[in-house]
Participant: 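One structure, pasted below without further comment.
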Amino acid sequence: MIVRILTKFTYITLSLSLLLSGCNKTKDIKAAVVSARKEASDIGITILNKGGSAFDAMIATDLALTVCFPNAGNISGGGFLVYRTASGEVGSLDYREKAPLNAYEKMYLDENGDVIPEKSTLGGLAVGVPGTVAGLAEIHSKFGTLSWEDLVKPAIDLAMNGYIVTEKQERSFRNKKDDFIKINGENTFYAQDFKAGDTVKNIALAETLKRISKYGAKGFYEGPVAESLIKRVREAGGIITHEDLIKYKPVWRKPLNFKYKNLNIYSMGPPSSGGVCLGQILKMIEPYNIGQYYHNSEKAIQLIVEAERRSYSDRSKHLGDPDFNKIPYNQIISNKYLNNRMKSFSFDLASQSKDIQAGKISWTESEETTHYSILDQKGNAISVTTTLNGSYGSKVFVEDGGYFLNNEMDDFSIKPGFANMFGLIGSEANSIKPEKRMLSSMTPTIVMKDNNLYMILGTPGGSTIITSVLQTILNVYEFGMDIQSAINAPRFHHQWLPEKIEFENGVFDEVSMKKLQEKGYDIKQDYTRVIGRVDAILISKNGIITTGADPRGDDKASHLYH
Ligand code: DON
């Protein structure tokens with residue numbers, strides 16, 4: 001395949017990749033775990049080394065992230081698993097949070113129908129009914145090979161012995177300290193000034209994990225852990241009840257499946273928009289053979305942006321919890337429908353989103369989710385994205401439990417046309433109803449090529465998740481990059497509204513930027529947030545396994561060798 005990368009980026013992507021790849025390129029890798037933290041990836045590998053499967057490693061990795069990556073790793077949020085077993089069985093588990101039974105459509109509006117600032121993001125009312133522990137227990141009962149206690153133990157040990165604060169983490173704690181105090185008071189655990197290099201021991205969390213170890217999901221949804229969770233939510237102004245916790249059930253769903261050229265892609269279907277939008281965007285650009293253009297050149301950017309514009313507008317209208325909405329699956333990712341959507345596209349001029357209802361856009365909240373990819377020595381593949389939504393969720397900290405609660409309720413459309421923290425606008429399909437799941441963008445994905453396992457990938461990033469997964473797949477498949485370079489490469493994002501293309505800062509070619517502006521595109525290069533943090537595994541045609549961990553975070557790949 002011809003590699004077409006603009007010279008400036010060749011330097012950036014290759015030099016970064018040389019720095020970072022180190023030991024990640026070897027013929028000898030037989031299994032890998034790539035996650036947001038070295039501790040969690042190492043724990044996953046330890047489980048594989050003990051003879052556990054990718055599913056076992058998933059449970060241990062997930063719980064380890066709860067300890068050492070408290071901004072997103074969680075027992076009190078939710079997530080999605082997409083898997084493919086070595087024998088070719090494919091499936092997905094939805095353990096997304098739900099709206100509490102006492103939730104109602106206008107719960108974040110005042111008497112004039114205006115949105116009350118921060119109600120859906122900060123404090124107890126922002127908390128959705130957590131799904132993570134029920135999800136992990138469900139995965140264990142279907143696929144676990146090691147004992148549940150053995151899988152929880154490494155996280156208990158990590159909480160007892162402590163994890164080391166990284167520099168990025170020190171910044172993250174510092175940035176959120178005022179909110180921690182505002183919601184939880186001066187003496188809250190994470191109001192301490194943890195510095196890079198410090199060891200954080202979270203004994204309260206170790207105790208919570210011990211109950212989960214002993215009693216499984218019931219250790220979280222019933223008994224003293226449930227009691228203290230509900231007490232804390234109530235104190236912080238929330239409405240979750242024991243009945244909410246007891247009723248929570250994860251759901252096995254058919255993954256969203258579509259083809260792009262000779263790739264067969266499995267991703268998460270609703271209540272995530274990830275799979276549908278990834279499918280729509282890839283299928284809209286497929287007829288244009290994007291690999292003929294230079295990577296991140298004006299034309300390649302235009303194609304992706306215009307497909308994204310169309311897809312995100314569909315997202316806002318048609319997608320929501322499939323248990324509450326009829327989703328037009330067949331139509332929405334059909335070639336006929338998508339070719340028709342692209343009829344108005346031209347390389348000459350930007351399309352306009354302005355004739356479609358606009359919302360108030362805010363980008364103020366920093367955000368956090370986490371993704372990990374696992375491949376075990378037998379060939380089982382796991383792709384998991386999990387979240388508290390915002391960084392440290394609602395900031396409500398259950399002091400005697402050692403963990404933060406999510407603020408996933410903000411992913412609902414809290415008022416038609418009002419943008420959530422990711423600037424996303426929704427409609428009735430994603431309105432709040434008791435026990436409904438809020439629409440997500442999480443896109444845990446598994447890609448097959450010519451019937452062989454090819455990529456396992458995903459990322460955090462709110463609304464930018466979809467584009468980050470998309471660009472990583474294209475960077476490898478269309479632009480011939482190795483997996484680490486594909487992850488390192490600069491990203492951009494468009495989501496229909498706001499009308500802007502958001503570029504990672506300072507790394508895009510000025511000539512292309514100028515040409516795009518001349519065609520009517522609104523360019524925004526001064527966002528400080530990162531667009532995705534992709535963790536991925538690539539398997540070549542001859543079975544060579546390579547891994548890529550995103551340098552935008554502290555992400556790390558750990559391996560098992562032959
Ligand atoms: O489900 C969603 O789409 C969001 N709650 C994800 C949040 C997220 O990715 C934040 N991370 N950077």
Side-chain angles (χ1 to χ4, degrees), residues 66 70-78 96-110 115-133 172-173 175-192 202 204-205 207-208 211 220-248 364-369 386-412 414 420-421 432 434-436 438:
T66 304
N71 47 330
N74 68 83
I75 48 174
S76 45
R96 179 75 161 163
E97 298 93 324
K98 294 174 88 163
L101 285 158
N102 288 329
Y104 55 97
E105 196 164 333
K106 298 188 174 160
M107 62 190 274
Y108 299 112
L109 308 185
D110 65 15
V115 170
I116 308 168
E118 293 188 341
K119 266 275 185 272
S120 66
T121 56
L122 205 59
L125 207 57
V127 185
V129 182
T132 298
V133 179
S172 156
F173 287 145
N175 289 342
K176 294 294 180 231
K177 184 173 167 175
D178 289 351
D179 279 345
F180 296 159
I181 291 173
K182 179 170 161 189
I183 299 297
N184 304 294
E186 294 275 344
N187 297 324
T188 188
F189 184 70
Y190 277 107
Q192 297 176 68
N202 187 341
L205 180 55
E207 292 306 318
T208 304
R211 287 204 73 87
F220 181 80
Y221 292 92
E222 297 176 31
V225 172
E227 201 63 56
S228 79
L229 184 155
I230 287 183
K231 184 166 162 275
R232 186 70 197 99
V233 168
R234 290 271 172 77
E235 282 166 6
I239 52 175
I240 292 178
T241 62
H242 281 289
E243 196 185 353
D244 283 312
L245 294 182
I246 286 166
K247 280 187 89 173
Y248 186 87
T364 50
E365 175 80 343
S366 80
E367 66 261 3
E368 212 56 71
T369 294
T386 178
T387 189
L388 292 168
N389 195 29
S391 201
Y392 310 94
S394 60
K395 319 295 184 284
V396 178
F397 190 69
V398 182
E399 221 70 51
D400 55 357
Y403 58 91
F404 286 99
L405 291 162
N406 71 78
N407 61 350
E408 218 71 59
M409 290 295 285
D410 189 63
D411 270 348
F412 277 116
I414 62 174
N420 74 3
M421 70 165 85
I432 304 173
E435 293 197 86
K436 190 173 171 182
M438 50 300 276

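This structure is a prediction, so every number in the text was calculated from the model and none was measured.
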Participant: Do side-chain atoms of N406 reach the backbone of G393 as a donor and acceptor pair under 3.5 angstrom?
Facilitator: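 No.
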Participant: I want to check something: taking the side chain as every heavy atom from C-beta on, are L245 and E222 in contact at a cut-off of under 4.5 Å?
Facilitator: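 Side-chain contact under 4.5 Å: no.
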Participant: Any heavy-atom pair between the side chains of H242 and E227 that's under 4.5 Å?
Facilitator: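 Yes; the side chains approach each other to less than 4.5 Å.
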Participant: Go through the structure and list residues passing side-chain contact (heavy atoms from CB on, under 4.5 Å) with N187, not counting sequence neighbours.
Facilitator: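 side-chain contact (heavy atoms from CB on, under 4.5 Å) check on N187 returns nothing, list empty.
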Participant: What heavy-atom pair brings D110 and I116 nearest, and what distance separates the two atoms?
Facilitator: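 Smallest heavy-atom distance, with atoms named: N-CG1, 3.7 Å.
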Participant: Looking at S394 and A126, would you say the former's side chain and the latter's main chain have a donor-acceptor pair under 3.5 Å?
Facilitator: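 Side chain of S394 to backbone of A126, a donor-acceptor pair under 3.5 Å: no, none is there.
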Participant: For residues L388 and P70, report the shortest heavy-atom separation together with the two atoms involved.
Facilitator: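 For L388 versus P70, the nearest heavy atoms are CD1-O, 3.5 Å.
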Participant: Please check: side-chain N/O of N407 versus main-chain N/O of T121, any donor-acceptor pairing under 3.5 Å?
Facilitator: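 Between the backbone of T121 and the side chain of N407 there is a qualifying donor-acceptor contact (under 3.5 Å).
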Participant: Any side-chain heavy-atom pair from K247 and E435 closer than 4.5 angstrom?
Facilitator: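 The answer is yes; the side chains approach within 4.5 Å.
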Participant: For A103 versus I432, what's the shortest heavy-atom pair and its separation?
Facilitator: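 Taking every non-hydrogen atom into account, CB-CG2, 3.9 Å.
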Participant: I'd like to know if the side chain of S172 pairs up with that of N175 as donor and acceptor (distance under 3.5 Å, no hydrogens or angles considered).
Facilitator: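 No, N175 and S172 have no side-chain donor paired with an acceptor closer than 3.5 Å.
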Participant: Any salt bridge linking K176 with E368? Criterion: basic side-chain nitrogen under 4.0 Å from a carboxylate oxygen.
Facilitator: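 Judged by the 4.0 Å cut-off on N to carboxylate O distance, K176 and E368 do not form a salt bridge.
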Participant: Can you confirm whether more than 12 heavy atoms, excluding those of K436, are under 6.0 Å from its NZ atom?
Facilitator: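 Correct, the count exceeds 12.
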Participant: To the nearest 0.5 Å, what is the distance between NZ (K395) and CD (E118)?
Facilitator: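 One gets 9.0 Å once the value is rounded to the nearest 0.5 Å.
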Participant: Measuring from atom CG of L101 to atom OG1 of T241, what distance do you get when rounded to the nearest 0.5 angstrom?
Facilitator: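 These two atoms lie 5.5 Å from each other.
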Participant: Rounded to the nearest 0.5 Å, what's the gap from CG on N420 to CD1 on I414? Could you check?
Facilitator: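 Here the rounded value is 8.0 Å.
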Participant: Donor-acceptor pair, R96 side chain versus G131 backbone, under 3.5 Å?
Facilitator: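 Not confirmed, R96 side chain does not pair with G131 backbone.
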Participant: So do the side chains of Y403 and V225 get within less than 4.5 Å of each other, counting heavy atoms only?
Facilitator: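 A side-chain contact under 4.5 Å exists here.
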Participant: Identify the residue among F404, F173, F189 that makes a ring pair (Phe, Tyr, Trp, His ring centres under 6.0 Å) with F180.
Facilitator: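 Of all the options given, the one that passes is F404.
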Participant: Which heavy atom of V115 sits nearest a heavy atom of L109, and at what distance?
Facilitator: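 In this case the closest contact between V115 and L109 is CG2-CD2, 3.6 Å.
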Participant: Taking the basic N atoms (NZ, or NE/NH1/NH2) and the acidic carboxylate oxygens, is any pair closer than 4.0 Å for K231 and E235?
Facilitator: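 Looking at E235 together with K231, the answer is yes, because their closest N to O distance falls below 4.0 Å.
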Participant: If you round to the nearest 0.5 Å, how far is CE of M438 from CG of D410?
Facilitator: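 Reported to 0.5 Å precision, the distance equals 9.5 Å.
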Participant: Spell out, as yes or no, whether a donor-acceptor pair under 3.5 Å connects the side chain of N71 to the backbone of S391.
Facilitator: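 No, because the side chain of N71 does not come within donor-acceptor range (under 3.5 Å) of the backbone of S391.
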Participant: In terms of relative ring orientation, are Y392 and Y190 parallel, tilted or perpendicular, with 30° and 60° separating the classes?
Facilitator: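 Rings of Y392 and Y190: tilted, as their planes differ by 30° to 60°.
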Participant: How close do Y221 and I246 get, counting heavy atoms only, and between which atoms?
Facilitator: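 That would be O-CG1, 4.1 Å.
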Participant: State the CG-OG1 distance between N74 and T386, to the nearest 0.5 angstrom.
Facilitator: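 So the CG of N74 and the OG1 of T386 are separated by 4.0 Å.
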Participant: Working to the nearest 0.5 angstrom, can you tell me the gap between T208 OG1 and L229 CG?
Facilitator: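 Between T208 OG1 and L229 CG, I get 9.5 Å after rounding to 0.5 Å.
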Participant: Side-chain contact, heavy-atom cut-off 4.5 Å: N184 with R232?
Facilitator: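 They are in side-chain contact.
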Participant: Donor-acceptor check, side chain of D244 to backbone of V129, threshold 3.5 angstrom: yes or no?
Facilitator: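 No, D244 side chain to V129 backbone: no donor-acceptor pair under 3.5 Å.
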Participant: What's the shortest heavy-atom distance between G402 and N202, and which atoms?
Facilitator: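 Heavy-atom minimum between the residues: O-ND2, 2.9 Å.
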